[in-house]
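Have a look at the structure below, then the notes.
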Protein chains: 2
Amino acid sequence: MSEPLHFVVKTRLVEVVERLGEGAALPPERVLAKDFGVSRWTMRQAIRELIADGRLRARQGQGTFVATPKLVQPLALVSYTEALRAQGHTPGREVVAFEQIAADAELAEQLNIAAGDPVHLLERVLFADGQPIGLETTYLTVARFPTLKDELDPTGSLYRCLTDQLGVRFGAGEELVETVIATPREAELLKATQSLPMLLLHRNSRDTSGEPIEVVRSLYRGDRVGFRATLHPQTP
Amino acid sequence: MSEPLHFVVKTRLVEVVERLGEGAALPPERVLAKDFGVSRWTMRQAIRELIADGRLRARQGQGTFVATPKLVQPLALVSYTEALRAQGHTPGREVVAFEQIAADAELAEQLNIAAGDPVHLLERVLFADGQPIGLETTYLTVARFPTLKDELDPTGSLYRCLTDQLGVRFGAGEELVETVIATPREAELLKATQSLPMLLLHRNSRDTSGEPIEVVRSLYRGDRVGFRATLHPQTP
DNA sequence: AAGTGGTCTAGACCACTCC
DNA sequence: GAGTGGTCTAGACCACTTG
């Protein structure tokens, strides 16, 4: 058994998926398992990998369907809303939380404040064409943005509010990208099955004078989103 | 059952992992399952997620161990060797293939050549401190680099060879990042268990005049590597 | 040979959606 | 209520590493 059975099944299932069109429904797992002559566990293993690869999409109580291609988002300091619209998709946002909390040690260091200092916490689910694709958690220092709670429409663009209303000028920033598994809470907010690979982006934005503006933790569904970075040549 | 059992187990297992030090061995799966009062399948589900998160590492025939933190690699046009060394790690490379193939339609378009034209294929496993962390597949047009096969030491830096020996000047490039599941072949080369989430980087480098230099498909172990991008402010 | 993780089976029940 | 995907069990065998 050099090649696991579930991979053989996956390979054969890919052919089925390619014959069906986008959005087409797959036969039920139990039927597929019988057709392929494997157990349901093995069948699900193959399906699960195709879901992680973004080829299939499962909906409990309904069935499994051929997915549409992944979105590609820019890895840059631009508004989420504008980036999506530029690609012809309909952006959406849903506020999960907008409150003040006390910064823990790690967050305090990243924002260059003292542990325990108050920070704004803004947590929003990002939608594209009605589908949840990401969970964005933003932290901003209250001392620096005392009027944010009044000025910001939490369903609107934070980036726009900061630049247009509060006069913030974004400088260079850093973004970290890695894969993680979502917690059940995060998975539920993203309407994803648990243990689906996610892309975690961690951003620490600074203004033109190098002062921290915000700390952002964005969790994107790995089955639906990819990112594009623009590389700049070295000048040594 | 709003919270799946395997997640409850995962949460409790994290505490165990944190008490043990880096590199420490976990009890066998069967023992853990018994201790937690769950089936081995549920136990493995929890372990599998901690492996994907980079907290644990499993070695067949040996056991499961507490992992070291993820590496963070720059998402930039610099030599892999130099980047790793700058972080105090020992880089390594192993050549899997170095040959000529005919470009398929997609590759031909990306390299701005005709389908069927010969291209160099260089496939290498990248190591950090003796551990395989990535599989890099590079395609270069033979017509543009006819002497590459003679000039390049395939165990050395391709970037160095291109810039120093062949006079190539890298311009701006684009890099795509997404999560995928490795094929069994790729998983084997990376000594990873299958169905582990990977980070796929797809790069299309161009020189200063905009001509394509190379197409690179890099597959990194998502449990061991993260990436850092530097963001540049918009100038509208 | 013994013990480890990796794969697979058969079967069960739960949660959700639609009729 | 019927049918779907989601979770979980108990048990088996395989592949690999070490003594």
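Values below: every heavy atom of this structure, side chains too, minus hydrogens, waters and symmetry copies.
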Just compare [options] and give me whichever is closest to any side-chain atom of [X].
X: B:Ser39; options: C:dG6, D:dG6, D:dC8; result: D:dC8
X: A:Pro4; options: C:dA10, C:dT17, C:dT7; result: C:dT7
X: A:Trp41; options: D:dG5, D:dT9, C:dC8; result: C:dC8
X: A:Pro28; options: D:dT7, D:dG5, C:dG6; result: D:dG5

B:Thr68 and B:Arg224: side-chain donor and acceptor closer than 3.5 Å?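 Note: B:Thr68 and B:Arg224 side chains miss the donor-acceptor criterion.
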If we count only N and O atoms by modelled type, under 3.5 Å, do the side chains of A:Thr81 and A:Arg160 hold a donor and an acceptor together?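 Result is no, nothing qualifies.
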Please say whether more than 12 non-hydrogen atoms of neighbouring residues, nucleotides or ligands are located less than 6.0 Å from [atom1] in [X].
X: A:Glu188; atom1: CD; answer: no
X: A:Lys149; atom1: NZ; answer: yes
X: A:Glu109; atom1: CD; answer: no

Is A:Arg30 side chain donor-acceptor paired with the D:dG5 base, going by distance under 3.5 Å alone?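 Pair found.
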Contiguous Watson-Crick or G-U pair runs (3 or more, under 3.5 Å) in DNA chain D: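 Counting only runs of 3 or more consecutive pairs, the stems involving DNA chain D are C:1-18 with D:1-18.
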Give A:Arg40 one of three labels, base, sugar-phosphate or nothing, depending on what nucleic acid heavy atoms sit under 4.0 Å from its own.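 Result for A:Arg40 = base.
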In this structure, how many angstroms lie between the [atom2] atom of [N] and the [atom1] atom of [X], rounded?
X: A:Arg44; N: D:dT9; atom1: CZ; atom2: C1'; answer: 15 Å
X: B:Glu3; N: D:dT7; atom1: CD; atom2: P; answer: 12 Å
X: A:Glu188; N: C:dA15; atom1: CD; atom2: P; answer: 13 Å
X: B:Leu196; N: C:dG5; atom1: CG; atom2: P; answer: 16 Å
X: A:Gln45; N: C:dT9; atom1: CD; atom2: P; answer: 11 Å
X: B:Lys34; N: C:dT4; atom1: NZ; atom2: P; answer: 13 Å
X: B:Glu29; N: C:dG3; atom1: CD; atom2: P; answer: 16 Å
X: B:Lys191; N: D:dC16; atom1: NZ; atom2: P; answer: 13 Å

Taking only residues two or more places apart in sequence or in another chain, which ones pass salt bridge (charged side-chain N to carboxylate O under 4.0 Å, His left out) with B:Arg228?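 Testing B:Arg228 for salt bridge (charged side-chain N to carboxylate O under 4.0 Å, His left out), a comparison that skips the adjacent residues, returns A:Glu174.
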Is there a side-chain contact between B:Arg59 and the phosphate of D:dC16, meaning an N or O under 4.0 Å from OP1 or OP2?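 Negative; the distance criterion is not met.
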Check whether any side-chain nitrogen or oxygen of B:Gln62 sits under 4.0 Å from OP1 or OP2 of D:dC16, and answer yes or no.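 Checking B:Gln62 against D:dC16: no side-chain N or O falls below 4.0 Å of OP1 or OP2.
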Using the rule given for salt bridge (Lys or Arg N to Asp or Glu O under 4.0 Å), can you reason through A:Glu49 versus A:Arg44, listing the C-alpha separation, both sets of side-chain angles and the distance that settles it, and then say yes or no? CA-CA 8 Å; A:Glu49 294 195 8; A:Arg44 276 180 65 76; over 6 Å; no
Toward the 5' end of DNA chain C, which comes first, A:Thr42 or A:Gln60, by nearest nucleotide?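 Its nearest nucleotide being more 5', the pick is A:Thr42.
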